[in-house]
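Before any comments, here is the structure.
Chain letters run A, B, ... following the sequence lines, proteins first, then strands; residues in each count from 1. The shown structure was predicted, so the numbers you read here are calculated from the model rather than taken from an experiment.
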Protein chains: 2
Amino acid sequence: MQDKITKLFKAIADPTRRDIFHALVITSTALSITQISNQFEMTRQGVTKHIKTLADAGLVSINTQGRERFCNAEPKALQDVNKWLKFYEQFWDDKLRDLGNYLNSKDA
Amino acid sequence: MQDKITKLFKAIADPTRRDIFHALVITSTALSITQISNQFEMTRQGVTKHIKTLADAGLVSINTQGRERFCNAEPKALQDVNKWLKFYEQFWDDKLRDLGNYLNSKDA
DNA sequence: TTAATATGCAACTTTATGGTTGCTAAATTA
DNA sequence: TAATTTAGCAACCATAAAGTTGCATATTAA
């Protein structure tokens with residue numbers, strides 16, 4: 001199907017999902033599906049779908065208790081994004097270095 | 001339409017686009033559309049579409065010279081992704097800190 | 001000037017995505 | 001036990017996205 005990093009990127013590429021994820025991160029307590037949906041202008045089923053996508057990407061964990069399903073954010077999953085970024089970071093640093101060299105040569 | 005950060009996330013959410021971007025990053029010279037498409041099992045027009053998406057997200061800059069259009073990667077655009085990540089980094093750090101506290105309490 | 005090259009644009013197809021409605025089932029509460 | 005609450009599942013819809021083919025156009029080379 002889809003590789004892990006793509007799932008992760010696609011999960012956070014949707015603004016609504018970023019909002020849901022954010023809401024979960026800043027809440028210390030786990031939230032049930034209904035509690036989450038109440039915070040959004042969308043049907044519960046719509047929210048459920050997004051949560052499934054987030055869970056598939058490892059960004060949310062779900063704990064079932066009775067008829068309720070409590071969701072928790074798993075920000076650590078974002079470390080893979082960070083790892084991906086790290087490689088390219090060296091190139092934007094290089095550009096800064098190049099700019100520095102350029103400015104120095106102008107001064108001289 | 002779509003906000004900047006969403007465009008950026010969507011651009012890198014596609015594996016082909018990540019490949020194109022990567023190819024441009026690791027090449028010191030700018031590449032024409034044709035040169036890029038030759039590296040992919042896809043029509044030139046397909047690649048062109050991806051490049052347009054990358055350019056819209058600020059990840060690629062295009063320099064027209066005669067009938068050719070030379071593309072350059074702009075890894076610096078990824079700094080916005082980094083900025084977005086930064087906020088959540090503190091939460092995965094918190095988790096590590098919590099784990100540290102837990103281990104310490106076990107030692108005592 | 002004719003031929004070849006590099007490219008963009010438009011239309012089209014297929015599949016994915018975001019979201020909805022309607023229904024069912026399992027827990028809980030009265 | 002009956003009513004309510006929490007949630008999943010399936011079907012459906014509209015739109016976006018990935019990729020294709022075909023054609024027009026501008027630049028460059030013969």
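Between A:L54 atom CG and C:dG18 atom C1' the separation is 13 Å, expressed in whole Å. Following rounding to the nearest Å, B:K52 (NZ) and C:dA10 (P) show an atom-to-atom distance of 11 Å. If you take CD1 of A:I36 and C1' of D:dT6, they are 13 Å apart, rounded to a whole angstrom. Separating the NZ atom of B:K7 from the P atom of D:dA17 is a distance of 11 Å, rounded to the nearest angstrom. We find that CG of A:D19 is positioned 13 Å from P of C:dG18, with the value rounded to whole Å.
Remark: A:F40 pairs with no residue by the ring pair (Phe, Tyr, Trp, His ring centres under 6.0 Å) rule, at least two apart or across chains. For B:D80, the salt bridge (charged side-chain N to carboxylate O under 4.0 Å, His left out) criterion is met by B:K4, B:K83, not counting sequence neighbours. Taking the side chain to side chain contact (heavy atoms under 4.5 Å, CB included) definition, one finds that A:N82 meets it with B:N82, B:L85, B:E89, B:W92, sequence neighbours left out.
Within the structure, every pair that satisfies the ring-ring contact (aromatic ring centres under 6.0 Å, His included) test and touches residues 10-32 of chain A, not counting sequence neighbours, is listed here: A:F21-B:Y88, A:H22-B:F87, A:H22-B:Y88. Evaluation of the side chain to side chain donor-acceptor pair (under 3.5 Å) test over residues 40-60 of chain A, restricted to residues two or more places apart or in two chains, returns A:R17-A:H50.
When heavy atoms are screened at a 4.0 angstrom cut-off, B:Q35 is found touching no nucleic acid atom at all.
When each of D:dA7, C:dT7, C:dT17 is scored by its nearest atom to the side-chain atoms of A:Q2, the top-ranked nucleotide is C:dT17.
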Quick one, give me the B/S/- string for nucleotides 18-30 of chain D, reading 5' to 3', where B means a protein heavy atom under 4.0 Å from the base and S means that only happens at the primed atoms, P, OP1 or OP2.
BBBBB----BB--
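Between the B:T6 side chain and the B:Q2 main chain, no donor and acceptor come within less than 3.5 Å of each other.
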